[in-house]
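All remarks here apply to the structure that follows.
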Amino acid sequence: MCGIVGAFSRRGAVLDGMVEGLRVLEYRGYDSCGVAVADGERIEIRRKVGRLSELEKLLADGALAGARIGVGHTRWATHGAPSDENAHPHSDGSGRLALVHNGIIENYLELRRELEAEGRKFSSETDTEVLSHLVGRELARGAKLVDAVRTSLARVHGYYAIAVMSTGAGGGLVAARQGPPLVVGVTPDAAYLGSDVLALLPHTRDVVYLEDGDVVELSPGHYTVTDLAGKPLERKPRRIDWNAEQASKGGYPHFMLKEIHEQPDVLARTAFDRILSDSGDVSFEHGDWSDERLRALDRVQVIACGTALHAGQVARYLIEQFARIPVDIDYASEFRYRDPVLAGRTLALAVSQSGETADTLAALRLARQLGATTAAICNVMGSTVVRESESTILTHAGPEIGVASTKAFVAQVVAAFLLAVRLGRARGTLSVEQGRELLDELRRLRPRMEALLAPATIERTAAIARAHVDAKGFFFLGRGVNFPIALEGALKLKEISYVHAEGYAAGEMKHGPIALISKGMPIVVVNAPGAVADKVRSNLHEVKARGGHVISVGSDAASHELADETIEVPATIEALSAVLNVIPLQLFAYHHALARGCDIDKPRNLAKSVTVE
Ligand code: M6R
């Protein structure tokens, strides 16, 4: 998704810092980029289709290096193809205004006709340019920038995060939010804007999250937030416990590999200090997780997208098993439009790494309107999902930069496990002893995760991935908690290797998809000793009988004996096998993509945080 940066400094130059900010936002996905800066009255805009390195070539002459105010953007095309003309910032042709935008202006065609009828000339196909002309029109009428922005936004339907700069009397730097995230950070000598706290971390760890309807005016050392009508609002900074180092590759060739390796620490950070060993229970910090509240629930409705949805599917198995509460799960994008019925006292549980996914947010809001109690499993403190949920379990995965989610998934599954234990203890379906045994086993996962990440173990997985580099397609099969793991293994491969991969419930294969199996087709079977292990083995026989080449992943020795190749995973209880089994699948996808020469951290067509519908 698009990324926004902005800076206004009393003394220092802003361009290099803005370009670094855009580099940090690259992970969100983009196809063009640009900056606008002013050093005096005239605003200079440079923009380019393609990677940031192309833009840097345009800036290499150093002509703009002294500017003290600017805005920058990485664009992920929606209205208009990726091109130099459609890249942001946009202007109104006056040379004294520049605007960047994330989101969609739904009534842009009608506004464009109105503005063209007044003689305004458009130079792009974007919806955004309408906004720059609206603001420019107000400035031409003598309005201050902040008032011009407010008046213009009153004409707009849609959702947006914008940053606008103008020069001349009443000019400056103004931003507004209605939908996509925007954060502000202020130091004594400067003020900064970003779509993501990661872009602000080199400057400050005290950030202000703008809320929907906020308009902020920035100047060096100051920010003022008002609503669209100009009423002052109080928005206090929050201290972020992430640091800039966490947002670097730390010596790894890719963020994805670094993040896979962080998973043992992520387990510890997300779980260990929440465990109450004496009572075999768990404590959460944010919201009401009391026995009384949890006993009152009739059901749980999980809403999420993509990888987070797979974590939600694991949550369903765990919560139903430990707490005996019915759990429904739906794609957030389906839930929000299917006129859902939420019977009884429902806990709507949003699962999201970013906390800004548009569909998840809309589904959460709908669930609240329908009377559900809301909770979130989320990785970003201060994100919209967290702010709008009554209770939150923060996953402490740290910033996840790789577009293909890895450590955030493991953190979500661990958080779901903790929640299932808490629900089970609150509702009396787990005894102290049972709770304690489950939590002790969770603690024991850490060295087992480390074993999976030992160089020799990784190399065995990598060798298998490389051996299948020319395969036309893959199946990933599992049952129980390992069914979502099969889905996740297939999604990882699709996302970064661009190979067709189907994740399937192993028992469902014979109802159709088994027809796709031809001699030598790689079939990854995920299994762990437990309630469904022998059923999975029967399914394994079925695919082998049709010529499938079976790669057995997990700790079920009997499955390994039947397989063509094996990836051995340390044993644990079935409920926790998902946490371990996903790691070799992440590594499999990583090494497969590497062998195919794919751009692992920035896969084509994908954005890290999908803040539009
Ligand atoms: O930030 P979220 O967890 O809400 O994002 C949900 C999905 O967009 C995300 O998991 C996506 O599927 C990733 N690319 C998975 O690797």
Side-chain angles (χ1 to χ4, degrees), residues 1 3 27-29 76 179-181 195-198 254-257 259-260 263 266 302-315 329-336 348-365 376-389 392-395 397-413 415-416 476 484-485 487-498 501 503 582-583 585-590 593 598-613:
M1 290 293 106
Y27 79 98
R28 296 163 66 90
W76 192 78
S195 289
D196 188 318
V197 288
L198 296 177
H254 297 98
F255 280 110
M256 182 180 178
L257 190 62
E259 288 161 4
I260 290 171
Q263 292 179 118
V266 167
V302 181
I303 36 189
C305 305
T307 285
L309 184 95
H310 298 154
Q313 285 173 316
V314 178
I329 179 159
D330 210 345
Y331 299 104
S333 55
E334 286 299 312
F335 181 85
R336 63 184 289 194
L349 178 66
V351 185
S352 176
Q353 187 285 126
S354 63
E356 303 293 350
T357 301
D359 284 322
T360 305
L361 196 52
L364 180 72
R365 288 173 179 160
I377 293 178
C378 188
N379 195 38
V380 182
M381 185 177 76
S383 62
T384 313
V385 163
V386 169
R387 290 202 312 273
E388 296 198 11
S389 298
T392 300
I393 305 171
L394 278 176
T395 51
E400 189 178 67
I401 312 282
V403 169
S405 182
T406 53
K407 63 175 181 172
F409 174 77
V410 158
Q412 286 158 355
V413 172
F476 287 72
I485 298 308
L487 296 177
E488 178 59 10
L491 180 65
K492 287 289 89 86
L493 198 61
K494 280 185 267 218
E495 284 188 299
I496 59 168
S497 217
Y498 318 142
V582 76
I583 294 175
L585 301 190
Q586 296 166 343
L587 289 163
F588 186 91
Y590 175 83
C598 299
D599 189 350
I600 290 176
D601 281 335
K602 297 185 209 86
R604 70 183 180 204
N605 304 338
L606 292 184
K608 177 67 181 164
S609 181
V610 185
T611 52
V612 293
E613 232 189 299

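In listed order, ligands and their atoms are each counted from 1. Values reported hereafter were calculated over all heavy atoms of this structure, with side chains retained and with hydrogens, waters and symmetry mates removed. Here the structure is a predicted model, which is why all the values come from computation and not from measurement.
A 4.5 Å side-chain heavy-atom check between Met381 and Val386 finds every atom pair outside the cut-off. Taking the side chain as every heavy atom from C-beta outward, His310 and Val314 never approach each other to under 4.5 Å. Between Gln586 and Glu488, every side-chain heavy-atom pair lies at or beyond the 4.5 Å cut-off. Side-chain contact between Ile329 and Leu309 is present, with at least one heavy-atom pair separated by less than 4.5 Å. With contacts defined as side-chain heavy-atom distances shorter than 4.5 Å, the pair Lys492/Leu585 does not qualify.
Residues Thr406 and Gln263 have side chains that never bring a donor and an acceptor to within less than 3.5 angstrom of each other. Inspection of the Thr395 and Lys407 side chains reveals no N or O donor paired with an N or O acceptor under 3.5 Å.
Numbered from 1 in the order shown, with element, the atoms of ligand 1 that lie under 4.0 Å from a heavy atom of Ala308 read 3 (O), 10 (O). Heavy-atom contacts of Ser354 reach the following atoms of ligand 1: 1 (O), 2 (P), 4 (O) (cutoff under 4.0 Å). Annotation for ligand 1: atoms under 4.0 Å from non-hydrogen atoms of Lys492 are 15 (C), 16 (O). Proximity to Val403 (heavy-atom distance under 4.0 Å) selects the following atoms of ligand 1: 13 (C), 14 (N), 16 (O). Atoms of ligand 1 lying under 4.0 Å from any heavy atom of Ala404, numbered from 1 in the order shown and given with element: 16 (O). Of all atoms in ligand 1, numbered sequentially from 1 with element shown, those under 4.0 Å from a heavy atom of Ser405 are 15 (C), 16 (O). The contact set between ligand 1 and Gln353, taken as ligand atoms under 4.0 Å from a residue heavy atom, comprises 1 (O), 2 (P), 3 (O), 4 (O).
Listed for the Asn379 side chain is a donor-acceptor partner under 3.5 Å among the backbone atoms of Ala397.
In terms of protein heavy atoms, atom 7 (C) of ligand 1 is closest to Cys305 O, 3.6 Å. Protein heavy atom closest to atom 5 (O) of ligand 1, with residue, atom name and distance, is Thr357 OG1, 3.4 Å. In this structure, atom 8 (O) of ligand 1 lies nearest to the protein heavy atom Val610 CG2, 4.2 Å. In this structure, the protein non-hydrogen atom closest to atom 15 (C) of ligand 1 is Thr307 OG1, 3.0 Å.
For ligand 1, the polar-atom distance check against Thr360 finds no nitrogen or oxygen pair separated by under 3.5 Å.
Looking at Lys494, Gln412, His310, Glu495, it is Glu495 that brings a heavy atom closest to atom 13 (C) of ligand 1.
The closest approach between Leu606 and ligand 1 stays at or above 4.0 Å for every heavy atom of the residue.
Distance CZ/Arg365 to CZ/Arg336: 9.5 Å, rounded to 0.5 Å.
Shortest non-hydrogen contact noted between Val302 and Gly312 is CG1-CA, 3.8 Å.
At a heavy-atom distance under 4.0 Å, no atom of Glu356 approaches ligand 1.
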